Structure formats: structure tokens, C-alpha cells
Protein chains: 2
Amino acid sequence: MKARRANSRDKILAAAADVARETGPGSLSLDAVASRAGVSKGGLLYNFPTKAKLMQALVEDYLRAFEQALESARTAGVGGESPLATYIKLSAEHAAESKPSASWIFSAIAEDPDFLTPIKSFRRQVFERLKGETPDLKALLVCYLAIEGLRSMNLFDSDVLSVDERRLLVSSLLEIAG
Amino acid sequence: MKARRANSRDKILAAAADVARETGPGSLSLDAVASRAGVSKGGLLYNFPTKAKLMQALVEDYLRAFEQALESARTAGVGGESPLATYIKLSAEHAAESKPSASWIFSAIAEDPDFLTPIKSFRRQVFERLKGETPDLKALLVCYLAIEGLRSMNLFDSDVLSVDERRLLVSSLLEIAG
DNA sequence: TTGACAATACCGTCCAGACGGTACAGTAAG
DNA sequence: CTTACTGTACCGTCTGGACGGTATTGTCAA
């Protein structure tokens, strides 16, 4: 009942991300996504009645996944590790993945910049929470922004840093985070 | 000869940036740019024979402006100020501007991701140069990435930081830079 | 000085193609 | 009989860009 539906849904979402990454954010057409997902256009529009709904689902899934990862990393964190350190580690791992994991964001922005609002509010939430949990504001600011920089480089697929440099950066940040 | 009429070129470029910022990166149509610039579509296509050429000009002008600003900040820099400190200050000033100064980048990416290549190579150049001029690699990495994070926030128009926090961040970075 | 000619810097129109979305008939599974 | 699609045909809109025209400015020979 639901399995079949959910399967197709996920395939479509993954296909959309793939198409965005491979053919460029501007070429994310419904036809392209449908054929990539092995689904007819009718089927695609059955699952996501409009393109906007598809984008929204992309955003929501992404946010949910990150939130879950953060939550489980927090609970599974070694005793005494600060929340900021957990955040740094998790984000660095994400950014180290070879594929720019979220290049579909550009498609969403191109479609309608408002798709960013949930992401923005999520970020603000995370930041405010970290602020409440981190005694040293200066350390938080530096670390948070540096991680944001790492995320941005991954997003733009611009690998200015070598692997060693990235490692050194992360260890420096963890040191700053205390 | 060239100067008088050539201001039409600059008007078009500015108009393109405005349209991208105001109506969203996906809505950067030649018609919109032309009417915004107070120029007919024919006139627009006279100055920039294709949309790709327009985007390219946007990128090149942006890079040239930043490079010049960096160069003059370096020479005008107070004695004893490290190149990294100059870079931090200049970038922070840029990021503090209210308008996301380069949101047209999203339009360029949507049009064709290859428009990023000159930007990427420019960044790498700047980074390599800073690496040669900065003794403390750890400090460089942290500061460079944090600045990159600031740039990214400005680009995405996501103002997580308050003015005070941004100030504190910059002073912390300058402290780290030594 | 002037008249002819051209280069420059546009304007306004038109068009082929792509895209999002609709409609609808068919079908296989449960 | 319903759910979850497939497949196709189609429509309206938007967009890049080609094209032909035109006014202004510059050049230069007679």
C-alpha cells in the first residue's frame, strides 16, 4: 500500500537530485526527472502534482535527514564532547562526501527563492541552540562560520583545500571549540 | 569613441544584477533585463550577442572589481598588516553590504555551471597566494574558511548573525591571524 | 564647407522550441 | 472497485535570439 508509493517517491527525489547535479540546476525539467527515475511524466505528476511540491519535498527530506543525523550524533556522542564539537564533526563528514550532496538547492532557488526560507529558519534554530550550549561565543562564531564555509565550498564543488588541509582545519576547529 | 555609449553596457550589467536579486535567479530573462536597463531587447543583444556573453561579462566584471579592491587595499594597507588581515577586512566589508552583491551568480549557475570555473580558479589563486604569505597554516585555514562562510551567508541572504556578532567574529579572526 | 558614405548603437517584430501542466484512456495488482 | 501508475496527445506561455529597420555620430574627399 504505502511501500510501493514510497519507493517511487524516493526514486523520483533521488533522480531529481541526480539530474540537477549532472545536467545543471537550470535543466531540471519534469521530463528529465521522470525519465531518469524510470517513471512516466504522468506518474511523476501523480506523486508530485506540481514542480513546486517536488522541490518542497526535496528540501524537507534534506532537512529531516540532517536533523536526524545531528540528533543521533548528539546522543551517541562520547561523554564530555561539546555540542559544538559534535556539530563540527558531523558537518565536516557531510562536506567530505565526494558528491555535492545538495546541488539541487540551486534548482530550488532558481525556481523560487522562497524555498530557502525553511532552510534559513532551520539554520537559525541550530545556531541559536548552539549559542545556548556554548560558553565561548568567540569560539562558536569562528567555528560555525568556518563550517559554513566548508559547506559552501562543497556546494559549489570548489575544492580549494587538499585532504590534509581539511583535516588540519577540522582539528584546529575542534581545538578552538575546546 | 567608446566611453560615451559604452555606459549602456554598464547599465545593462547593473540591471541584470538587480533583476536577479529582485525577481529571483530563475527569472533573469533578456526581456526583463532590457526593460530594467531602459534598453530594447535589440539593443541588449547588440551589446551582448548571447545570454551567455552577458553572464560572462557579469562574472568578469565582478572578479576584476574584487581583484582591484584587494590590490589597492594591499598597497594602501597600514604598515605591518599581514596580507591575511587585509583579506579578512576587505571581505568582511564586502559581506557587510546590505544587498547580496552577487546573487546573480545563481542565475549564471542555472544557465550553465561552467560559469563558475573562472571564479573557482580565481579563488584558488588567491588562496595559494595567501598560503605563501602566511606562516601559520592553521590560522590561515580557519580564517579563510570563516570568511568563506560569511560570504556564503551574504550570498544566501541568511542573516543568522547579528551586527555585534559579526563584529566580534571579524575581530576574533584578526586576532587569530595575528 | 559640405555632401556622401559608413560605422555605431540601438529599436520593434517575429518565431521556433522548450517547458509546466492538463486530460484522458488504459492496465496490472490487490 | 480502488490504487498506482503508464502513455500519449495536447495547450498556453515564456524565452532566446534572428532579422530588418533607423537615428545619430564620425570620416573624408571634393
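What you are looking at is a predicted structure, and each value in this text was computed from that prediction instead of being measured.
Criterion: ILVMFWY side-chain heavy atoms under 4.5 Å apart, direct or through other members. Under it, Val33(A) and Tyr46(A) are not part of a common hydrophobic cluster.
Listed here is the closest heavy atom pair of Glu133(B) and Pro83(B): OE1-CB, 3.2 Å. Considering every non-hydrogen atom in both Ser107(A) and Leu28(A), the closest pair reads CB-CD2, 3.7 Å.
A donor and an acceptor atom, one from each side chain of Thr86(B) and Glu81(B), are located under 3.5 Å apart.
Counting to the nearest Å, the C1' atom of dG16(D) and the CE atom of Met55(B) are 12 Å from each other. Atom CZ of Arg9(B) and atom C1' of dC10(C) are 16 Å apart (whole Å). Rounded to whole angstrom, the span from the CG atom of Asn47(A) across to the P atom of dT3(D) amounts to 15 Å. If you measure from atom CG of Leu54(B) to atom P of dG17(D), you get 10 Å, rounded to the nearest angstrom. Rounded to an integer number of Å, the gap from Lys53(B) NZ to dG17(D) C1' is 13 Å.
Applying salt bridge (Lys or Arg N to Asp or Glu O under 4.0 Å) to Asp159(B) and the options Arg124(A), Arg123(A), Lys120(A) leaves one that passes, Arg124(A).
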Which nucleotides of nucleotides 6-15 of chain D have their base under 4.0 Å from a protein heavy atom (B), which only their sugar-phosphate (S), and which neither (-), written as one string 5' to 3'? BB-------S
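Between Phe156(A) and Phe106(A), the distance separating the two ring centers is shorter than 6.0 angstrom.
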